[in-house]
Student: 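First the structure, then my questions, so here it is.
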Amino acid sequence: MSESRAFCPRCGDAVPERSASDANSPLRPGAEVELCDSCYFEDFDFVDAPNRIDVRVCARCGAVYRGNRWVDVGADDYTDIAIEEVSEALGVHVDVEDVAWQIDPEQVDQNTIRMHCYFTGVVRGTPVDEQVTVPVKIARQTCTRCGRIAGDYYASIVQIRAEDRTPTTEEIERAKAIANAIVADMEATGDRNAFVTETSETDDGLNIRVSTNKIGKKISNKMIEEFGGTVNDAETLVTEDEDGNEVYRVTFAVRLPPYTPGDVIDLAADDGGPVLVRSARGNLKGVRVTTGERYEASYEEGNSPDARRLGSLEDADEATVVTVEDDNAVQVLDPETFQATTVARPDYFDAEAETVPVLKSRAGLHILPDESDD
Ligand SMILES: [Zn+2]
Ligand SMILES: [Zn+2]
């Protein structure tokens, strides 16, 4: 074979021997490769480009319709989207080596970007170049998710309520933050159907409408994990989908415990002194403001022992310490009357302190832990 001469199968001209590495695969004993350069380049098509590219873009969120679904592409603007779509759609001939290309987008009107693409490469030792222009037409639409958001679609409601009180500002704000964080996490994993439809404060708490039951469940579980309390769910049949399956909307009713950390309560069942609540997750836990001893409600009482609320850490006033009487008693100035008053000395009382936080309530005057430097 090394001595034989090869001839172009099309024009019959002699073609130079090709090296073994260049030779066509034996599986494809093609006439093609053996074409002389002039016949080869006659048919050579460097760049394969469509006449135009139509792109459906969601005008609200920038998602692009590909195949049969909407995809978030993370593009900043329509030019970025057009460049990405053109890159996907253009093809270059497999024989070409050292391919380089650049795109010069030209905004023709609001919805048309003309993409001038310039390609260079090398084939059969010959430099080749080609310029193609592909118009990209942007169709502004609304994706399924944005359509649902605009239509106030929701599949689940989370109701944040509290037992014998209204939820605190902290609990309400935390519930909103949890809802947004859960949705953001799901979006980050590519879930396009996760969104908060609406949050609305009511007289007795907060309602959060969300796009899936899964999100509703996650929010309510996270709330009771952080704050204690219970959750009940109830299904309501709302409709049938196009396949005739029943579609349920689930309401998650979160009931936060009656007392929150920082509350000072007076227990009905004992006279061991008021308790500063430290935790309402599981059984209520706290400290006695008379002695500083730990308190924990029984299993039966859970997070709602029979008690009345006297106030909270935030209601405390600073009182001047007059004298430490003994291990069990301190004299302080009543912050309202400024009369020296003997009160119980809890073990968290700092004997060096000049002033201490006190709570004056129906149960009397009590020294609270000093947490001002927390
Ligand atoms: Zn030829
Ligand atoms: Zn959208």
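All ligand and atom numbering here is 1-based and tracks the order in the structure. This chain uses plain numbering: 1 for the first residue, then up along the sequence.
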Student: For a side chain to side chain contact (heavy atoms under 4.5 Å, CB included) check, start with the C-alpha distance between Val356 and Asp350, then their side-chain angles and the critical distance, and finish with the verdict.
Tutor: CA-CA 8 Å; Val356 287; Asp350 174 7; over 6 Å; no
Student: Taking atom types as modelled and ignoring hydrogens, do the side chains of Ser87 and Glu84 form a donor-acceptor contact shorter than 3.5 angstrom?
Tutor: no
Student: Sequence neighbours excluded and cut-off under 3.5 Å, please list the side-chain donor-acceptor pairs for residues 222-233, or say none.
Tutor:
unit_1, atom_1, unit_2, atom_2, d
Glu226, OE1, Arg174, NE, 2.8
Glu226, OE2, Arg174, NE, 3.4
Glu226, OE2, Arg174, NH2, 2.7

Student: Just by distance, no angles: are the side chains of Lys137 and Thr112 close enough, under 3.5 Å, to form a donor-acceptor pair?
Tutor: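 Side chains of Lys137 and Thr112: pair found under 3.5 Å.
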Student: Judged by modelled atom types alone, do Glu106 and His116 share a side-chain donor-acceptor pair under 3.5 Å?
Tutor: yes
Student: Is it the case that atom CG in Asp347 sees more than 12 heavy atoms from other parts of the structure closer than 6.0 Å?
Tutor: yes
Student: Give me the number of protein N, O or S atoms whose distance to the Zn ion (ligand 2) is under 2.8 Å.
Tutor: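 My tally for this metal is 4.
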Student: Any sub-3.5 Å donor-acceptor pair from Ser156's side-chain atoms to Val250's backbone N or O?
Tutor: yes
Student: Scan the side chains in residues 142-154 for donor-acceptor partners under 3.5 Å anywhere in the protein, sequence neighbours excluded, and list what turns up.
Tutor:
unit_1, atom_1, unit_2, atom_2, d
Tyr154, OH, Arg209, NH1, 3.3
Tyr154, OH, Arg249, NH1, 3.1

Student: With the Zn ion (ligand 1) as the centre, enumerate protein N/O/S atoms below 2.8 Å in chain and residue order.
Tutor: Cys8 SG, Cys11 SG, Cys36 SG, Cys39 SG
Student: Verify whether one side chain among Asp204 and Thr202 offers a donor that lies under 3.5 Å from an acceptor in the other.
Tutor: yes
